[in-house]
Each structure stands twice: as C-alpha cells, then as structure tokens.
Amino acid sequence: MTPHRICDSRGQQFSGVSMDVFIGFHGHVLAAVQQLKRDGVVPQDASVDGISLTAPKDPTHGDLATNAAMVLAKPAKMAPRKLAERIVPLIASDPGIEKVEIAGPGFINLTLARAFWPSVLRMVLEQGDAYGRSAIGKGQAVNIEYVSANPTGPMHVGHCRGAVFGDALANLLAFAGYDVSREYYVNDAGAQVDVLARSAFLRYREALGEDIGDIPEGLYPGDYLKPVGEQLAANHKSSLLELTEEQWLPMVRATALKAMLGMIEEDLARLDIRHDVFFSELSLTEGGQDQVADTIAELRAKGLIYEGSLPPPKGKIDEEWEDREQLLFRATEFGDDQDRALVKSDGSYTYFASDIAYHRDKFRRSFKSMIDVWGADHSGHIKRMKSALAALTDNEADLDVKVCQLVRLFRSGEPVKMSKRAGTFVTLRDVVEEVGAGPVRFMMLYRKNDAPLDFDFAKVTEQSRDNPVFYVQYAHARACSVLKNVAERLPDLNLEGDKLAQADLDLLKDDAEIALIRRIAQFPRIVEGAAQAHEPHRLGFYLYDLSGDFHGLWNRGKDLPQLRFIYENDRELTRARIALVDVTKRVVALGLGILGVHAMHELH
RNA sequence: GGCCCCGUAGCUCAGUUGGAUAGAGCACCAGAUUCCUAAUCUGGGGGUCACAGGUUCGAAUCCUGUCGGGGUCACCA
C-alpha cells in the first residue's frame, strides 16, 4: 500500500475495518509470505498467526519491524536471516517503503518514506473524531457489570475505583466496536436490606417525634436515612406503628431502597457514570417464578448438585461454625478448592446461588460475553462463578472478572484514616467535590486494575509534570491556546475545517515533529490493545507519552524560534504545524473522552 | 495450611500479550534559563527484572519450585 492510497481512501478503506495506519503494511508482509508459500519456500500449512508488525522502541530500527522470518524459520527449515533475505525483495518494491533492512536475529526493519508521516496526519484530519475507532468488536454484545454496591447507603471511596474502571472499560469497548451494555446488580434481597428497612423504620419513629436515642448496634447509623424516615412519616402518618414488623418491613424496605438507589445514582452521576440497566436481585424470585430454583435444577440435571457437608473453615477458629448437611455445587470439578453452598441454614438462597441465576439471566438475554468488575475482597469467588457459568452454558459464555485492588488515600503523603464505626469514612461525593470528577477518574485509571493504588488529594491538583492529570490536560489546553493565538496573529491564514488538511504537510520534517506524528499513528493500536486486554489504563499512559512529545516539541521552540508552531516568517509551514497541533489536540481529547475525562480548554 | 494478586532504578510505576542495548516521573549530579498566556529546560549517573530451574532462535513476560509482601478462606454481600 502506498501513502497515496492511504490518504485517498475516504470511506471505503477505513469504514468497518481497523484504522490502524500500519494495517496495510502488515497485509504486505502477509502477502509476501503467501508468495513464499506458492514458491515452496515456506510450507503451505505454516501458521502466520505469530507474525507481528510493530513500531520498534529504538528509532534506529526503523519505523516498523516484523518478526516474520523468525516465526517461519522453523517450518521453513531455514536460518531466520536467510529466510529474511527471501522476504525483503517482496516488500521492498512498495513505494511507501524507503528502506528494508535485516537486523539482529532476523528482524526485518522497514523505514517508511518520509512522506508517509504527513499522510497519517491528513488521514486523521479527515477522520476527525472517528480516528482510532475500531471494528474489532464486530458489534458483539458485551455485558459489563460494575459498581453493584449494596443499596444501603451512600457510595464511599472504596467503590470509586471499580466504578470508574468499569465505566472507562465500557467506553473503551464501545469505541472499539462492541455493543456495550452497562449493568448494576442491585443486591436488594439479602439480610442487609432488611437491616436497612429496620434502620429506616427507626428514623420514621424519630420523624414522628419519638426520642430514639442512640442507634442500636447492628443498624445503620448514618444521617442519610433521616430523609427516608421523614418521607415515611409524610406518607403513612403514624399508621405503620400499628403493624407488625412482618407487615411494615416490605413497605419500608421498598421506600428505603428506592431512596438509596436514587442517592447512589446521584453519586455516580457526579462521576459521569450512568448505567443502562439496574438489575434487581429480588426480581429473580418475584412474581410467582423462582429463577434461582430453575438454575439449581439445571445444575442438578448436570449432576453438579448434592447434599453434603463441608470441612470446617481453616485459618481462624469460628465459634459459630456447625457441621451440617447443605446443598452444594460441585465447584471442585472445575478446579475450585471447595464445593460451594447454595442454601443458607435458614433456608434462603446464598448470595452465590442468586449470582449464578443472575449470570444465567444475562446469558439468556443473549450476552455471550460478560465482564464483572469486583473488589479485591471478592477475588476468591471468581473460580466458583466461572465454574457455574461454564457448567450452565456448556462453555458458551465468556466471563472475565476484573478485580480492582484497594485504593489508599493520602493527604500530602499522610495516610487518611478511615473508620466506618467512627463515621469517618470518606464518601465518593467528598472526593469528587474536593478534586473534581476528571482528576478522580484519571487517577483511578492511571494504574493497572490489579495493582493497589495510592490516591493523594494534594497530588491530583498539583500543577507539575509528575501529576499526569495536569500534564495531559495541559497539553490539550496548550494546543487550544496555540490555535487561539494563531487565529489572532495570522487571521488571514485559512485554517477552517478541511482547509487544514490541504496544508503542505510535507513541510513537517523535524525529528520532533515526526516523533509526535509517530505517536499519533499509534493511537488506534493502543485502543485495540487496551480493548482486547480489558485494560483502560494503557490509554492513560499513552496520553501521558503523547503529551510529553507535544510539550517537548513546544519546548524546542524556546531555543529555536524557527521550530515554533506559529512562525510568522513562513506561513505555509505555520499552517502545517497548526494542523499537527490540531490533530494532537483531537487525539488527546479523544483519549480523555474514552477515559470519561472532559478535556479542558484552559487551566487555572 | 489452601487459593488469588503482587515482587522491575533509592521511591512511585510502565513495559505494545514471547522480541533487538528493559523505559518514564520523582529524587540525585552537572549545565542553561524571563518565555508562541501557562508545568522551567537540556544532559548525566543509577538494574543480576526477588531467587533457582525449565520451555525456544529469543523470557521481565509462559511453566515448575523456593523466598518475601498483600488479600481471602462454611453460612454474610
């Protein structure tokens, strides 16, 4: 593929397929391999799956490198470098490729024609906000379940990371061409919501004028239940007092649940998080049906359910532990270290039992691909959940459980102490109000999900290079600033819309300029890689690097005025550089958009 | 004791799913520095990728074992 074909193809070549600017060259390498197969140099059945085409870290290795010769050396029974010599002439003829070299153990390094890089810019300008979008998802439906915090109170910081992670991952997958459904599993069936109801009932009595004293041990003490009590008092006057707990509890519970969910939705909205579906656990067993029982029956039919007793828990001695026969799922058949209980001693279903039914329901809603975002304390449950789902769906469903490790809060290096009992835990709302949604989101994503994360209130608002939030936002703001300045200083320079794409981009020759373009060209690959690995943090690190290249280029203009973006002595060159600035700005904004962070036009 | 995660520069962490001489930021050292509204900038030193085996053309990455740190371990959610 030549550079010209790349920039001339408007809808066709890039609609529906990867916008990776290197994809054409990859095809080229594969075509060369096909030729060698026809020539009998490489056996027909040799796999080409391992052949990659990547941008090497070291620029002296060219723009692109392929391992094709090394991968095929064994099936072809040839030394890698010998085989490389056969491949080289087959790709060297492409006019888009300036130089082909064999290096190291058998890498084939391609140096692209200098004119290729400006063509990348032109393409990005034409693609606009579609740049980097991918079709690898093929419209496949993906269900991503995240947050799912118990509806018994406001969200605290602990929920924050999973919430942001799940939301950004959902954005990312949507950007990569998946059909994403965002789901919240509402645990409205367990004992904790009865506790919620009793706590609300106490507040109801308080609202009626009764002195309730201290909140008893075992009930939720938070003030956030006072409005619920007042609402109950307004709706029912004192009538609930006449009823038995059995009678009032369902009513009070429903009112309290609705209030709690409303509060949680508000908290999430502060972080720009909105779910498509709130799935009620209670709904699994309501309305004359019992999906949990159905689920257990299905598993029983597969011979995976039995009555038995479990060995006592190891590690700590639990006084209340009693040996009893219970209904168990054969998780050990799937590599779990124990079979798992489905029914509690009081006869109700365990959380696990409901959760299986819930995942079965997702599958029945035709989601074959599911992602769950869990806190680290639930990691021990992954195996049993996967086991149960595999059993129920005959391995047709794919479940990826992403575990978010703990967030440790700091204030200028000092750990923030939190105690639920003392009521000193930091809520999600506190954090967002103090530092803003954007910084919270970015910091929560600037780490691998399975590594612990330190969150320092002072750090996220610091204006320096070691605060990535600021550094990336600053790149965007700086680009905006340059665009604004050029419009003022050179008002007759036509920079509107697609005029920018007509700038003579070949004038961009400086190494720092090319380096920035190379980074921009990586964007679609980063998106695809992050989407496939379910790792949004890669995007955050990419944006930091991209911002570094951009700031670096700006800094060079300090010493060398001829390298400044706005160079009044050369209007055409300025136009070309403005195109580069504009594209950089767009890519930063696109990347931030996927992370769910609003790109700022000015910083103060 | 079982299972899961982690172990990379003095510190905090990346590492394109197995690629070439392992990279950033902070800190440290040496220079430069009043600016296209904006974080000062440039360069430098610093590593047995916890350890030992294995897999192969090639391992920080995959497998096994050891050591160290964290989480979790009937019924709760």
Side-chain angles (χ1 to χ4, degrees), chain A residues 50 52 54-58 60-61 65 67 69-71 73-74 79-81 103-107 109 148-150 152 187 189-193 281 309-316 318 320-324 326 328 335-338 340-341 343-346 348 350-352 354-355 375-383 403 405-406 446-448 450-452 454 462-468 470-471 474-475 477-478 481-482 484-486 489 522 525-526 528-530 532-533 535 537-538 540-542 544-545 548 551-552 554-559 561 564-568 602-604:
Chain A
S52 67
T54 54
K57 300 174 246 194
D58 185 344
T60 65
H61 293 144
N67 60 355
M70 292 182 291
V71 171
K74 197 176 221 177
R81 291 189 67 113
F107 286 104
N109 293 339
S148 300
N150 280 342
T152 55
N187 301 129
Q192 80 286 347
V193 285
E281 182 184 357
S309 57
L310 290 172
K314 287 174 184 155
K316 65 177 179 198
D318 191 336
E320 294 182 25
W321 187 83
E322 54 174 321
D323 191 23
R324 69 176 184 93
Q326 47 191 344
L328 298 171
D336 203 353
D337 48 313
Q338 228 172 51
R340 301 293 171 178
V343 177
K344 293 189 259 182
S345 51
D346 67 357
S348 61
T350 62
Y351 178 78
F352 177 50
S354 305
D355 214 12
D377 50 341
H378 287 54
S379 58
H381 298 239
I382 295 175
K383 203 165 265 174
V403 169
Q405 286 291 336
L406 234 60
Y446 200 66
R447 192 108 311 170
K448 258 181 312 202
D450 51 10
D454 292 347
E462 184 181 289
Q463 303 210 337
S464 76
R465 183 168 189 163
D466 65 323
N467 175 10
F470 171 78
Y471 196 63
Y474 183 31
R478 178 173 260 173
S481 167
V482 172
K484 198 174 128 207
N485 283 344
V486 74
R489 286 168 54 185
Q522 290 288 334
R525 290 208 149 188
I526 300 291
E528 289 190 357
Q532 275 166 338
E535 290 184 353
H537 77 274
R538 293 191 194 184
F541 284 95
Y542 169 78
Y544 185 78
D545 290 340
H551 290 307
W554 193 93
N555 284 326
R556 293 199 63 196
K558 270 181 162 175
D559 297 334
R564 294 182 179 185
F565 296 132
I566 304 174
Y567 185 50
E568 300 185 14
E602 329 188 304
L603 301 179
H604 288 291

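Order of the sequence lines fixes the chain letters, A, B, ..., with proteins taken first and strands second; residue numbering starts at 1 for each chain. Just so you know, these numbers come straight off a predicted model, no measurement behind them.
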Q. For every nucleotide of nucleotides 21-30 of chain B, 5' to 3': is a protein heavy atom under 4.0 Å from its base (B), only from its sugar-phosphate (S), or from neither (-)?
A. ---SSS----
**Q.** Base-pair map of RNA chain B as dot-bracket, where | denotes pairing with a different strand and pairs are Watson-Crick or G-U under 3.5 Å
**A.** (((((((..((((.....[...)))).(((((.......))))).....(((((..]....))))))))))))....
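Across the protein-nucleic acid pair, Gln522(A) atom CD and G15(B) atom P stand 15 Å apart, rounded to whole Å. To the nearest angstrom, P of U42(B) lies 10 Å from CZ of Arg556(A). If you measure from atom CE of Met70(A) to atom P of U56(B), you get 17 Å, rounded to the nearest angstrom. Whole-Å rounding puts the Asp337(A) CG to G1(B) C1' distance at 11 Å. Rounded to whole Å, atom P of C6(B) lies 17 Å from atom CG of Asp454(A). Atom CG of Asn555(A) and atom C1' of G43(B) are 14 Å apart (whole Å). The nearest whole Å value for the distance from the NE2 atom in His537(A) to the C1' atom in A14(B) is 7 Å. Computed from coordinates, the Lys558(A) NZ to C35(B) P distance equals 10 Å when rounded to whole Å.
Between the side chain of His378(A) and the base of A77(B), a donor-acceptor pair under 3.5 Å is found.
The Phe470(A) side chain lies nearest to A39(B) when the options are A39(B), C36(B), A20(B). For Arg538(A), taking side-chain heavy atoms from C-beta onward, the closest of the listed nucleotides G15(B), C75(B), A39(B) is G15(B).
Looking at heavy-atom distances under 4.0 Å, Thr350(A) makes contact with sugar-phosphate atoms alone, never a base. When heavy atoms are screened at a 4.0 angstrom cut-off, Pro80(A) is found touching no nucleic acid atom at all. Residue Leu603(A) is in base contact, counting any heavy-atom pair closer than 4.0 Å across all strands shown.
Residues passing the salt bridge (charged side-chain N to carboxylate O under 4.0 Å, His left out) test with Asp545(A), sequence neighbours excluded: Arg519(A).
Between Lys74(A) and C57(B) there is a side-chain polar atom (N or O) within less than 4.0 angstrom of OP1 or OP2. Contact annotation: Gln405(A) does not reach the phosphate of C5(B) (side-chain N/O to OP1 or OP2, under 4.0 Å). Close to A74(B), at under 4.0 Å from its OP1 or OP2, lies no side-chain N or O of Lys344(A).
For A22(B) and C49(B), the C1' atoms lie 8 Å apart once the distance is rounded to whole Å.
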